[in-house]
Structures are given as C-alpha cells and as structure tokens.
Amino acid sequence: MSSVIDILDLSTEEIEELISVACDIIENPDKYAEKCKRKKLATLFFEPSTRTRLSFEAAMYELGGNVIGFSAANNSSAAKGESVSDTVRTVSCYADIIAMRHPKEGAPLVASMATDIPIINAGDGGHNHPTQTLADLLTIYREKGSFENLTVGLCGDLKFGRTVHSLINALSRYSGIKFVLISPEELKLPDYVTNNVIIKNNIPYEVTTDLIASMPKLDILYMTRVQRERFFNEQDYIRLKDSYILTPDKLSEAKADLSIMHPLPRVNEISVAVDKDPRACYFKQVLNGKYIRMALILKLLGVE
Ligand code: CP
C-alpha cells in the first residue's frame, strides 16, 4: 500500500493491524516517540479543518517527526493557478508523506499519480474521508470490542456527508451489520452508495425520516452535520439544517450501551446537554483520530 485515497484501499487485515498498532501506541507511547525522527509530513489543506489537520500534525510530532504545510488554498500557489499535480510534485521534494484535503472529489487521487511518496486523502469534497473512518473504527472497536452484529443508525446529511460514505464502505465488510439510514428526503444516501455497497453486499437496511422511532434498535448512532459548504442554495440549507437535533429526552428509549458518535464539527445537531451522557463518544473519536493517524503514518512510511 503506497497511498490511502479510499477506505477500501485498506484490506480488513490492514485495518485490524492499524487498530492493533494504535492500541499499542495508547498503551506504550514512549516506544513510538522517535519512530519518525528526521521524517517530514506535509499537510496540504485546500479546505478548512481543525481535527484532521491538527491530529495529523500532532501525530507526526508524537512520532518524533516534523511537519510542513499550509492550511488554506489562498496560502499556497494554488491561488496563482498552480495545479494539484504541480503542487504535489513540488512538495514531494521537501516531504516524505502528504496528507491532503481538497474540495474537489478525486483531487487526492490525482495527487497520488503525480508522486511516488504516500498521499493520504484527508477529505475530498463530498466523496471520502478514510482517516475519519479509521478514527471511527478505532472508536467502535474500543467501545464495542468488535465490528460484527451491530445495528448502525446514520442520521442527518447522508447525501454530502463523506464520513458516512466511507464508514458504510468499511462496515459493509463485516457480518451481522444492519444500517438504519435516517435523513430528510433531500439528504438521503446517494444511490451509488446504496446500490454499489449496501445492496451489493446484501446488508439489511432501512430508510426513514424518524430518528426517535429508530432509537431503541440502535447500537451506534452516528450523527452528522448538514454540510452547508456543499449546498448550491442557501435557502435549502436553512430549511434543512435543523432537521435533527439530538437532545437528552430523545435518548429515553435508547439502549444503555448505545454509542453516540459524530465526526465533528457539530453545529446544532447534538445538544451540548448530551455531552454529559456516558454514551457520548464524539470527543473520544477526536482523540482516537490522533492515534490511528500515528499508526497509518508508520505503516505508509514502512517504519517497523
Ligand atoms: N472530522 C473532521 O474532518 O473535522 P475537521 O473538518 O475539523 O478536520
């Protein structure tokens, strides 16, 4: 494996190996403190980020490596019209590995064709966000101990939510998974994901607009933000943005061991009152994101 553009670039064995390394990093951080000494990570973020960029950077520092990069397209020569390929060929002269976020679907794939160093897709448009999925999988593993026999509710913007698309792809490879797809009609999961992933893998699923009625059957509730930046029309965003707001009263019929997840950032879709609920896992996901990215950097750099 030289680059990670899609979660399916990783086999289930490779994902399980990354999870195992991440768990070892959590237990024995000192063992890893100099593993990437003299290596450089470049973070090329053409779109805003807090968690993904900073967790990649924290991950590289905790491995003893260094970080270069930019956090917005207008801080780079992309603002002068430079292509993604030329940017990546240039950065490859300075860095050993690149994490890239771009608003255009497919840009990290194009980048991976322009260089021999590993490219990690840190989110491309509404398409994919494989390292968020790795953080989600590490969280599910640490909460549930397995990826099998789980009923997973995905709620909110299933159309533009790239983390949802990557997570469905990843979980569809495990047995006993069921999906409950909870969204307004306008934000339902794209047909290409439903047909090519869920139906193709014979995964049981239901489509509903009703979060409360779905609640009692869920082992995992994965809430998502309505993705304002992907809407063509502000009026549509305003009409749909508060379709689902999770509040403590809506959890009254939920399982005692439900895991409430969210890739963050949140806007209104989870009330801050839910943060005190021991079932809330979204800040655990943030921390797990750093550990799994450490494991991924080690693997892509071929560090033992
Ligand atoms: N989850 C996630 O991708 O967050 P950021 O946009 O802050 O990186």
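Every number for a ligand or one of its atoms is a count from 1 in the order of the listing.
The ligand atoms of ligand 1 that sit less than 4.0 angstrom from a heavy atom of Thr50 are 5 (P), 7 (O), 8 (O). Heavy-atom proximity to Pro263, at under 4.0 Å, picks out these atoms of ligand 1: 1 (N).
Between the side chain of Ser3 and the main chain of Ile5, no donor-acceptor pair closer than 3.5 Å is present. A donor-acceptor pair is defined here as one N or O able to donate and one able to accept, closer than 3.5 Å; no such pair exists between the side chain of Ser20 and the backbone of Glu16. Using modelled atom types, one side-chain atom of Thr224 and one backbone atom of Cys155 make a donor-acceptor pair closer than 3.5 Å. Remark: side-chain polar atoms of Lys31 are not paired, donor with acceptor, to backbone N or O of Ile25 under 3.5 angstrom.
Remark: ligand 1 and Arg53 share no N or O pair separated by less than 3.5 Å (distance only, no angle test). Below 3.5 Å of separation, one finds no N or O of Pro48 facing any N or O of ligand 1. In terms of polar-atom proximity, defined here as any N/O pair under 3.5 Å, Pro265 makes no such contact with ligand 1.
In terms of protein heavy atoms, atom 6 (O) of ligand 1 is closest to Arg101 NH1, 2.9 Å.
In Thr163, neither the side chain nor the backbone holds a heavy atom less than 4.0 Å from any atom of ligand 1.
Ring geometry, His165 versus Tyr192: the interplanar angle exceeds 60°, so the pair is classed perpendicular (tilted spans 30 to 60°).
Among His129, Arg51, Gln132, the residue whose heavy atom lies closest to atom 3 (O) of ligand 1 is His129.
With respect to the salt-bridge test (charged N to carboxylate O, under 4.0 angstrom), the residues Arg162 and Asp124 do not qualify.
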